[in-house]
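Here is the structure we will look at.
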Number of protein chains: 4
Amino acid sequence: MSERGVTRWRRRKEARPAEILQAALASFQERGFAGTRLEDVAARAGVTKGTIYLYYPSKKELFKAVVRSELLPNIEWIEAALHQPGPVAPLLERLFTFWARDLFPSPISVLPKLVIAEAGNFPELAHFYLETVVHRGLDLIASLLRRGIAAGEFRPVDVDHVVYCVVGPLLLTVLWKHSLGPHDDRPLDAGAVCRAHLDLILHGLQAARSARKTNRERSRP
Amino acid sequence: MSERGVTRWRRRKEARPAEILQAALASFQERGFAGTRLEDVAARAGVTKGTIYLYYPSKKELFKAVVRSELLPNIEWIEAALHQPGPVAPLLERLFTFWARDLFPSPISVLPKLVIAEAGNFPELAHFYLETVVHRGLDLIASLLRRGIAAGEFRPVDVDHVVYCVVGPLLLTVLWKHSLGPHDDRPLDAGAVCRAHLDLILHGLQAARSARKTNRERSRP
Amino acid sequence: MSERGVTRWRRRKEARPAEILQAALASFQERGFAGTRLEDVAARAGVTKGTIYLYYPSKKELFKAVVRSELLPNIEWIEAALHQPGPVAPLLERLFTFWARDLFPSPISVLPKLVIAEAGNFPELAHFYLETVVHRGLDLIASLLRRGIAAGEFRPVDVDHVVYCVVGPLLLTVLWKHSLGPHDDRPLDAGAVCRAHLDLILHGLQAARSARKTNRERSRP
Amino acid sequence: MSERGVTRWRRRKEARPAEILQAALASFQERGFAGTRLEDVAARAGVTKGTIYLYYPSKKELFKAVVRSELLPNIEWIEAALHQPGPVAPLLERLFTFWARDLFPSPISVLPKLVIAEAGNFPELAHFYLETVVHRGLDLIASLLRRGIAAGEFRPVDVDHVVYCVVGPLLLTVLWKHSLGPHDDRPLDAGAVCRAHLDLILHGLQAARSARKTNRERSRP
DNA sequence: GATGAATGAGATTTCATTCAT
DNA sequence: GATGAATGAAATCTCATTCAT
């Protein structure tokens with residue numbers, strides 16, 4: 001038993017869970033959650049059905065593990081990246097750019113579609129995703145908006161509902177990619193949508209500078 | 001059997017397909033496509049499983065028939081409602097109000113979710129939905145935006161991509177209702193979201209009032 | 001469609017549940033509960049796996065149905081047969097005879113073994129059997145013993161525990177038949193055991209004859 | 001490694017088989033044969049699944065080894081305890097007390113249930129158990145009964161079948177403990193059953209007392 | 001001798017679909 | 001046209017057993 005042999009074996013063993021998660025994500029992307037057979041995942045990961053159960057006790061837990069290992073780091077990355085002082089607009093820009101450049105092209109962009117499609121049949125997944133991903137994301141955006149409003153950078157808006165307006169178009173891009181996009185002859189340029197969206201909401205949110213200023217200036221003697 | 005009896009029977013017979021579609025829509029709304037059992041649809045329609053196959057050759061075809069039969073009338077209603085001259089903002093408001101007050105509460109609000117969830121399994125349906133609903137809807141909004149820009153009501157924007165920004169939040173409301181909403185403890189007020197969205201995009205689209213006006217006014221003699 | 005055709009079909013259809021129960025009992029007898037595959041039951045009943053689920057929603061329910069349809073009538077028959085006034089000894093004799101002549105040779109004699117063997121893995125079955133069979137049987141015997149004691153036919157004994165002494169040997173006969181019996185070269189004569197048992201407990205229960213006789217004799221001049 | 005270390009290791013190694021059997025017995029007691037997973041046995045024995053296969057080639061063989069190793073000592077203990085001259089009644093009392101006080105609470109009390117449950121799947125085990133335990137036990141009781149009858153202590157009875165009547169209630173206690181007992185709300189007091197049983201059969205077997213009294217009285221001066 | 005990762009056959013249960021009546 | 005009994009192909013999950021290390 002050479003050092004290399006042991007090493008290779010161990011490397012293989014330690015890589016198993018990750019390999020399985022990759023395979024699961026790929027299968028989920030192709031067939032959806034309910035449509036994915038554990039056997040497909042196993043074959044793709046180069047193991048057998050039983051092996052999956054050595055690492056994940058059920059299909060649902062496998063899904064959760066995919067979310068945790070693939071999506072959560074991104075959530076945390078974003079949270080960290082946006083925890084910065086200063087004006088909010090550049091942070092939103094960074095968020096949108098991250099969405100278009102990193103999230104959108106990644107396989108994990110299929111996860112929102114999966115959750116939306118299967119929430120009804122798998123309430124457990126719905127709860128998990130809400131707590132792990134959705135609430136954190138919405139809260140993050142809400143806090144940015146509030147910061148901007150407090151700083152006078154944005155005009156006062158109904159933050160609780162505007163967050164959905166901020167998220168909506170981003171969400172649309174990834175849903176599109178994994179549903180109608182492949183069947184449409186008009187390709188969707190996610191980057192362009194994100195840019196247009198950023199432009200739109202920054203205009204929509206901006207404290208009426210000139211106008212108000214003008215008004216104020218006018219109102220001044 | 002009396003004349004009336006025969007007539008009623010025949011009427012019943014002719015109503016069968018529609019009754020089945022209604023029942024199917026209701027079941028799809030509750031359980032999604034995969035989660036719906038033909039037996040449930042049959043029971044709800046007051047017939048037996050076998051009868052469904054007299055009218056629709058498979059579950060997939062039944063699904064397609066539901067989407068087809070329920071969507072078209074609504075699309076046409078919207079198109080008619082928005083084909084009006086005059087300023088665009090009130091039309092957008094009408095659209096958003098219609099969405100929140102009529103579409104959102106209706107059973108058909110589940111259709112976008114169904115299509116998104118099943119597009120991968122039903123390419124034909126994806127094409128149908130794209131042509132029948134999505135493109136018409138997007139084009140309608142694009143034309144409104146262009147009208148507004150041309151009229152100087154809106155500032156010039158990247159219309160081709162802004163349409164997705166307009167649609168995104170509306171779509172989010174109905175997706176939420178039929179996926180995560182029932183599992184969330186923070187209720188989503190679709191009306192409030194639509195209002196916030198309208199406010200946001202009208203501000204976001206508006207021709208730079210004070211500044212430009214000022215400029216224009218300045219440039220005028 | 002001749003009258004005969006309809007009749008035969010209907011007869012077949014109505015006989016299905018009973019045929020399945022017979023097949024299930026036979027399979028349970030051969031392989032035990034856990035060891036029986038639904039497919040075996042189906043094959044024996046001349047149907048396919050799925051058909052069983054038309055009539056019984058699970059394997060456990062199938063077992064319960066067997067108990068209900070095959071064993072319960074016997075319990076009720078016994079209860080009725082022993083609800084008679086008069087001395088108790090002949091009733092016990094009738095019970096023991098019924099056990100040896102009717103229960104012991106029947107396929108249902110395997111049920112106690114099944115329940116004992118599987119109670120640990122199927123608590124639901126244990127509860128069901130306790131309530132449906134065991135408690136009723138024990139209560140019946142207890143009431144007979146109490147009647148006998150009250151009437152002076154039996155001496156006073158610890159009825160609550162003696163019931164198990166009455167049942168034990170009967171139970172042993174059917175357990176033996178379906179476990180060690182087939183492997184033993186000393187055949188067990190259930191009838192003889194029941195007779196010996198009856199003789200033993202009637203002697204064991206009888207109001208102290210000799211003693212009293214002696215007393216009486218003494219008291220006689 | 002020190003001498004002691006090696007010794008301890010070796011001792012450990014030699015103790016392995018016994019440790020595994022103990023663990024297996026405990027698991028069989030909790031879950032029955034089919035319900036026991038080798039992994040549980042291994043965990044309880046402080047080894048891994050693979051190790052069990054070093055000592056026992058299959059789950060079935062492990063089961064047989066448990067029965068063999070745990071039963072024999074007890075059988076021999078009982079035989080020794082009852083090989084005593086003098087009246088038989090006290091020996092029966094000792095047997096019943098041993099049963100209630102020593103056997104019943106011990107883990108080995110599960111063995112009869114296991115054998116009854118699995119005899120069908122383990123013919124070899126059935127034979128082994130019959131020869132090693134059952135026949136010896138029945139013969140022992142039969143010889144006691146014959147001694148009692150020969151000595152005039154008991155009335156003449158059908159010894160070959162009465163032995164089953166003697167054993168039945170004892171057996172019932174341990175079967176109950178490991179099957180229905182845990183699911184019943186009426187606790188079974190094994191000691192009380194054994195006492196009631198002893199009382200019942202001693203009364204049932206006793207030679208008409210007056211006769212004996214007469215004998216004894218005669219033998220007295 | 002001991003490990004424990006991996007296997008893969010098999011079990012119950014579901015349900016779209018068929019077809020004799 | 002309508003029925004509904006029957007089918008049979010999956011799919012998830014379990015676990016005794018193997019074997020490279």
Side-chain angles (χ1 to χ4, degrees), chain A residues 1-2 5-10 12-14 16 34-42 46-62, chain B residues 9-10 12-14 16 34-42 46-60 62, chain C residues 1-2 5-10 12-14 16 34-42 45-62, chain D residues 9-10 12-14 16 34-42 46-62:
Chain A
M1 299 140 229
S2 69
V6 169
T7 305
R8 196 187 293 151
W9 178 265
R10 192 170 291 161
R12 194 70 194 282
K13 190 181 73 170
E14 281 161 8
R16 272 286 138 75
T36 288
R37 300 178 309 148
L38 268 299
E39 199 148 21
D40 296 341
V41 176
V47 297
T48 59
K49 262 184 305 179
T51 303
I52 295 179
Y53 285 88
L54 289 180
Y55 298 97
Y56 308 100
S58 74
K59 196 183 179 185
K60 287 175 193 165
E61 288 299 324
L62 176 61
Chain B
W9 178 263
R10 195 171 286 161
R12 188 76 196 283
K13 220 168 51 175
E14 281 158 9
R16 274 283 145 76
T36 289
R37 302 181 314 152
L38 268 303
E39 196 144 22
D40 294 342
V41 176
V47 298
T48 60
K49 260 191 297 184
T51 304
I52 296 179
Y53 283 86
L54 293 177
Y55 297 98
Y56 306 99
S58 74
K59 194 186 181 186
K60 287 189 168 191
L62 173 62
Chain C
M1 299 138 229
S2 71
V6 168
T7 305
R8 195 187 292 152
W9 179 265
R10 194 170 288 163
R12 194 72 194 282
K13 191 180 72 168
E14 281 160 8
R16 273 286 138 76
T36 289
R37 299 179 309 148
L38 269 299
E39 198 148 20
D40 295 340
V41 176
V47 298
T48 58
K49 265 184 301 180
T51 303
I52 296 179
Y53 285 88
L54 290 180
Y55 298 97
Y56 307 100
S58 73
K59 196 183 180 185
K60 287 176 192 166
E61 288 300 325
L62 175 61
Chain D
W9 178 263
R10 195 170 287 161
R12 189 75 197 283
K13 219 167 51 175
E14 281 158 9
R16 275 284 145 76
T36 289
R37 302 180 314 152
L38 268 302
E39 195 144 23
D40 294 342
V41 176
V47 297
T48 60
K49 260 192 296 184
T51 304
I52 296 179
Y53 283 87
L54 294 177
Y55 297 99
Y56 307 99
S58 75
K59 194 185 179 187
K60 287 188 170 192
E61 289 300 325
L62 173 62

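Quick note on labels: first sequence line is chain A, next is B, and so on, each numbered from 1.
A distance of 11.0 Å separates CG in C:Leu38 from OG1 in C:Thr48, rounded to the nearest 0.5 Å.
Where D:Pro57 and D:Gly35 each meet DNA chain F at their nearest nucleotide, the meeting point lying more 5' is that of D:Gly35. The residue among A:Ile52 and C:Arg37 whose nearest nucleotide of DNA chain E is located toward the 5' end is A:Ile52.
With distances taken from any side-chain atom of A:Leu54 to the nucleotides E:dG8, E:dT13, E:dA5, the minimum falls on E:dA5. Of the candidate nucleotides F:dT12, E:dG8, F:dT7, F:dT12 has the atom nearest to the side chain of A:Tyr53.
Of all heavy-atom pairs spanning B:Ala34 and B:Lys59, the tightest one is O-NZ, 3.4 Å.
Atoms CD (A:Glu39) and P (E:dG10) sit 14 Å apart, rounded to a whole Å. Distance NZ (B:Lys59) to C1' (E:dT14): 11 Å, rounded to an integer number of Å. Between the CD atom of A:Glu61 and the P atom of F:dT14 there is a distance of 12 Å, given to the nearest Å. Atom C1' of nucleotide E:dA11 and atom CG of A:Leu38 are separated by 16 Å, given to the nearest angstrom. Between B:Asp40 atom CG and E:dA16 atom P there is a gap of 9 Å when expressed in whole angstrom units. Between C:Tyr56 atom OH and E:dT14 atom P the separation is 17 Å, expressed in whole Å.
Counting only Watson-Crick and G-U wobble pairs whose two key distances fall under 3.5 Å, DNA chain E forms stems of three or more stacked pairs at E:2-21 with F:2-21.
Look at B:Thr51 and you'll find a side-chain N or O under 4.0 angstrom from OP1 or OP2 of F:dT3. Residue B:Tyr55 places at least one side-chain N or O closer than 4.0 Å to OP1 or OP2 of F:dA2. Of the side-chain N and O atoms in B:Thr48, one or more sit less than 4.0 angstrom from OP1 or OP2 of F:dT3.
The base of F:dT17 lies close enough to the side chain of D:Lys49 for a donor and an acceptor atom to sit less than 3.5 Å apart.
Shown here are the salt bridge (charged side-chain N to carboxylate O under 4.0 Å, His left out) partners of B:Lys60, two or more places apart in sequence or in another chain: there are none.
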